[in-house]
Amino acid sequence: MTTVVFTEKNKAAAQIANILAGGNVRCSSIGGVAVYDLKRNGKDWRIMGLAGHIMGYDYPAEFNNWREVDPKVLLDTPPVKNITRAQFGSAIINLAKDADELILACDFDREGENIGFEAKSIAEKVSKAPVKRARFSSLSKNEINRAFDNLVEPDENMAMAAEARQILDLKMGAAFTRYVTLSVRERVRTKGVLSIGPCQTPTCGFVYDRERAIRDFKSKDFWKIEAIFSTHDSDFKGQHRGGNIAEQEKADAIFAKIKDCKVATIAKKSVKETSTAPPYPLNTTEFLKRASKFLGMSPEKSLEIAEQLYLSGFISYPRTETNKYADDFEFKPILVGFTKGEYAEYALSILSGDIVSKNGKKDGHDHPPIHPIRYASKTDIEKTINLSNAWKIYDFIARHFLANLMPPALFEKTRLEVAVEDEIFDSMGSVQKDAGWLRVYPFETKNDKLLPLVDEGQNVAVKKITNTKSKTSPPKKLTEAELLTLMDKHGIGTKATAPSHIATNKKRGYFETKGKSVSILETGFTLMDALNNSVPILVKPDIRGRIEALIQEVEDGKKEFEASLVEGTTLIKEMYSQLSSNKNELVSQLAGTIQDEAVAVDKKNYIGECSECGRALHMITTDKGRFVGCTGYPQCKNSYSLPKAGAINILRSRKCKKGGAAVVKVGNKYHWAVGIGPCFNCEMEKECFPPEIVGPCPKCDGDMFLIDIKSKNTRFLGCTKRCGHSQSLPQNGRLTILKQVCEKCGWRMIRVKEQDKDKEAREFCANRVCAQSSRQG
DNA sequence: GCAAGGTC
């Protein structure tokens, strides 16, 4: 007879097995699932890792037809739970048969408890063995031994709380998504799904709120009085204490009083040393925020790379809430590894004193903060991980780890109060005295702002005083980092799922990210607007909060599981009836937008007619690249490749004389015929793109035309008959050949506009000989 | 084809 242990994931199973056995572990496989065998206290133990949830809720098959089942029916239909990872189910049965004790050892949180209960429910089909729970807050040796020496009862309330969340999330998501999607399809032909969910919708709501603030913004005028003071060694700026002055009369009055003053006095000077502490250790949310802010990477991508770095043993587990190191955390072995390569000087300086971490206050009792496990060079990372930016992420994590252990950065901040008569101006200066942790952290640099050396009571010259009118500016677009902060603050999603909610919204076409900022798309804006008018609670974080509060009561034993389902369902039904009573407005708003967007996208990507079936060809862009495909897919599989790099511009007025489907311009570089290839490889290039003739060749019966070799940064006029005659052209500025011809020689006129904004564009005859003679004459 | 939560 054996003790059987279930952990949340394979990695944890392996580690726990090692700790419990003291090293003597045998690994085998049951239907592809790893099992670790060992002896503990003279008994056989078998430890198996699950893969997170291995069961999931869904509606029975007869409710799967969207057209036949009224979405409203889903609200009164209980979803059923199935095994979604069959091989894990079989392995559990296989182990449980011979067990005389079962131990659940998943992560110590609500979902972990629930995952344990999934294994328990499967095991209990074949086993009557008692089920215990090992509760540990880290995978350290002491903690694991303590947990397994002090087994407790599984917490059914905790597991059922997660169960209620799953059911309510699915009910709401499925009913609302089907209802909105089907309602819109009554009016407009679209294959797209308009999804709604308790996390994705409030996430989009944050972006919508910001967009509303931007669209509703009314700019106001204000006036700002600034002065430039000057001492014998340098000038410095000051701003009037009144700041941004809303009333023009007030600003004018102050300005009139002092505008002719030539001397000011340093009324007060204060110098303060300030320090900026290093950042806290990284938990998942902070990691994702900083990766977006510093590296411009999407949370989804960052987490994917972190996962790979973790699996390859470069960094610790990337999904953690904790931003403080445990008291017995061993920094030294890691730091010693970092004493080579580009981090050496920082690691050595940390090792030369006491190692002190600047800890945060969050402790999820799960995993340590994200930190490098071992030193790696750029080549090490690139050899192991086939994802671009993997090095950037590793380097950032390594630098953050080191920065956290380094001393604060010290600054000297100087504040001057400068009196012009009795009006006070403020000047601030800041000088970095000791870079501290900033040395290893190039992502946050602070520039010095220097003030000249002056003393209190000293006079300085007033060089200039200005009174300028400005306008208040609208709020900026939300950045992805700010969005993550809002989600975290309002409990939308978890450390592991926040990126996926952002990705869902992008996939649905609700918003997009441009660089670091998030922009709402019309479909997203209209959907949020319509929901905001009918079921406002959906667009706000409140909906998640309401469900969370319900299930927390289940976890605390204050509410029965069934009662929470009834209450939750009632809440969802209320929202559903609000939504359906506003169906007409909702559909007209959405249908219009979707039609507009579909037409716009179609037009933008239209390439031409398909030679196989006559339908439209269009350009398709995916994560993997871009190509031209037929809108008749999958019936018609006609497709063509496109060049991988360079912006594509479809040239609608051009026709390929060799029969290519269309001609596109690739960047500013060359032309490409769809289905044929680059035009510069084609013998008919001259026919499709006839040279721009500017005039007859003075040496033969050919014509002079523009030759522009962008790669060599040179341009000149050459002869179509290649007689060897050429003429030079100005090399700088944008050159356009005009329609007009020169009155004197009949050659075409050209215009040259130089980059310098102050310079006017020049127009002259393309014929250098003619242009020169006219300038002399 | 719907959600969100784990993890590979």
Side-chain angles (χ1 to χ4, degrees), chain A residues 6-14 32-34 49-61 63-69 71-75 77 79 81 84-85 87-88 106-119 159 161-183 185 190-204 284 303-304 306-308 310-312 317-320 366-367 487 491-505 507-508 538 543-544 547-548 551 568 572 576:
Chain A
F6 301 110
T7 71
E8 187 145 329
K9 47 193 165 272
N10 176 48
K11 206 98 180 174
V33 178
L50 304 165
H53 287 285
I54 55 165
M55 298 178 85
Y57 275 98
D58 214 342
Y59 283 101
F63 295 90
N64 280 349
N65 191 318
W66 289 32
R67 294 178 160 281
E68 280 164 24
V69 180
K72 202 176 171 183
V73 170
L74 298 176
L75 299 176
T77 307
K81 201 171 183 181
T84 50
R85 306 290 297 264
Q87 70 279 34
F88 286 88
C106 297
D107 293 357
F108 181 17
D109 54 29
R110 190 187 280 158
E111 296 300 328
E113 202 69 27
N114 187 276
I115 292 165
F117 268 72
E118 289 177 10
E163 205 80 0
R165 179 203 53 75
Q166 292 175 32
I167 294 168
L168 293 173
D169 283 352
L170 176 60
K171 269 196 180 181
M172 180 187 149
F176 281 58
T177 300
R178 288 192 197 180
Y179 181 75
V180 174
T181 303
L182 293 171
S183 302
R185 280 190 201 162
T190 166
K191 276 187 287 178
V193 169
L194 289 160
S195 66
I196 284 167
C199 286
Q200 56 172 279
T201 306
T203 298
C204 194
T284 306
L303 198 56
E304 185 195 341
E307 179 75 28
Q308 291 303 315
Y310 157 69
L311 290 172
S312 310
Y317 190 67
R319 284 180 283 272
T320 174
D366 46 5
H367 304 273
M487 293 171 73
I492 303 297
T494 69
K495 60 196 189 259
T497 61
S500 75
H501 301 312
I502 294 179
T504 302
N505 277 291
K507 185 175 137 204
R508 298 280 183 232
L538 259 179
I543 175 61
R544 190 86 205 133
I547 294 178
E548 174 62 33
I551 64 176
I572 296 170
Y576 191 90

*With nearest nucleotides of DNA chain B determined for A/Leu182 and A/Ser500 from heavy-atom distances, which residue corresponds to the more 5′ nucleotide?*
A/Leu182
*asked:* On DNA chain B, does the nearest nucleotide to A/Tyr59 precede the nearest nucleotide to A/Lys11 from the 5' side, or the other way round? Give the residue.
replied: A/Tyr59
Which part of the nucleic acid does [X] contact within heavy-atom distance under 4.0 Å: base, sugar-phosphate only, or nothing?
X: A/Asn114; result: nothing
X: A/Arg67; result: nothing
X: A/Gly112; result: nothing
X: A/Tyr57; result: base
X: A/Pro71; result: nothing
X: A/Leu168; result: nothing

Distance in angstrom units between [X] [atom1] and [N] [atom2], rounded:
X: A/Asn64; N: B/dA3; atom1: CG; atom2: C1'; result: 14 Å
X: A/Arg544; N: B/dA4; atom1: CZ; atom2: C1'; result: 7 Å
X: A/Ile572; N: B/dA3; atom1: CD1; atom2: C1'; result: 10 Å
X: A/Arg319; N: B/dG6; atom1: CZ; atom2: P; result: 9 Å
X: A/Phe6; N: B/dG6; atom1: CZ; atom2: C1'; result: 17 Å
X: A/Ile551; N: B/dG5; atom1: CD1; atom2: P; result: 9 Å
X: A/Ile547; N: B/dG5; atom1: CD1; atom2: P; result: 11 Å
X: A/Met55; N: B/dG6; atom1: CE; atom2: P; result: 18 Å

*Between A/Ser500 and A/Thr497, does any side-chain donor sit less than 3.5 Å from a side-chain acceptor?*
no
*Just checking, is any N or O donor in the side chain of A/Ser195 or A/Arg508 under 3.5 Å from an acceptor N or O on the other one?*
yes
OP1 or OP2 of [N] versus the side-chain N and O atoms of [X]: is any pair under 4.0 Å?
X: A/Arg508; N: B/dC2; answer: yes
X: A/Arg165; N: B/dG5; answer: no
X: A/Arg178; N: B/dA3; answer: no
X: A/Thr494; N: B/dG6; answer: yes
X: A/Gln166; N: B/dA3; answer: no
X: A/Ser195; N: B/dA3; answer: yes
X: A/His501; N: B/dG5; answer: yes
X: A/Tyr317; N: B/dT7; answer: yes

*Under 3.5 Å: donor-acceptor pair, side chain of A/Tyr59, backbone of A/Leu74*: yes
*Who passes ring-ring contact (aromatic ring centres under 6.0 Å, His included) against A/Tyr317, sequence neighbours left out?*
A/Tyr310, A/His367
*Apply ring-ring contact (aromatic ring centres under 6.0 Å, His included) to A/Phe88 and list each qualifying residue two or more places apart in sequence or on a separate chain.*
none
Where the side chain of [X] is defined as all heavy atoms beyond and including C-beta, which of [options] is the nearest nucleotide?
X: A/Gln200; options: B/dC2, B/dG6, B/dA3; value: B/dA3
X: A/Pro198; options: B/dG1, B/dC2, B/dA4; value: B/dA4
X: A/Asp107; options: B/dT7, B/dA4, B/dG5; value: B/dT7

*asked:* Do the side chains of A/Glu548 and A/Arg110 get close enough for a salt bridge, i.e. N-O under 4.0 angstrom?
replied: yes
*Please determine if A/Asp107 and A/Arg319 form a salt bridge, counting it only when a charged side-chain N lies under 4.0 Å from a carboxylate O.*
no
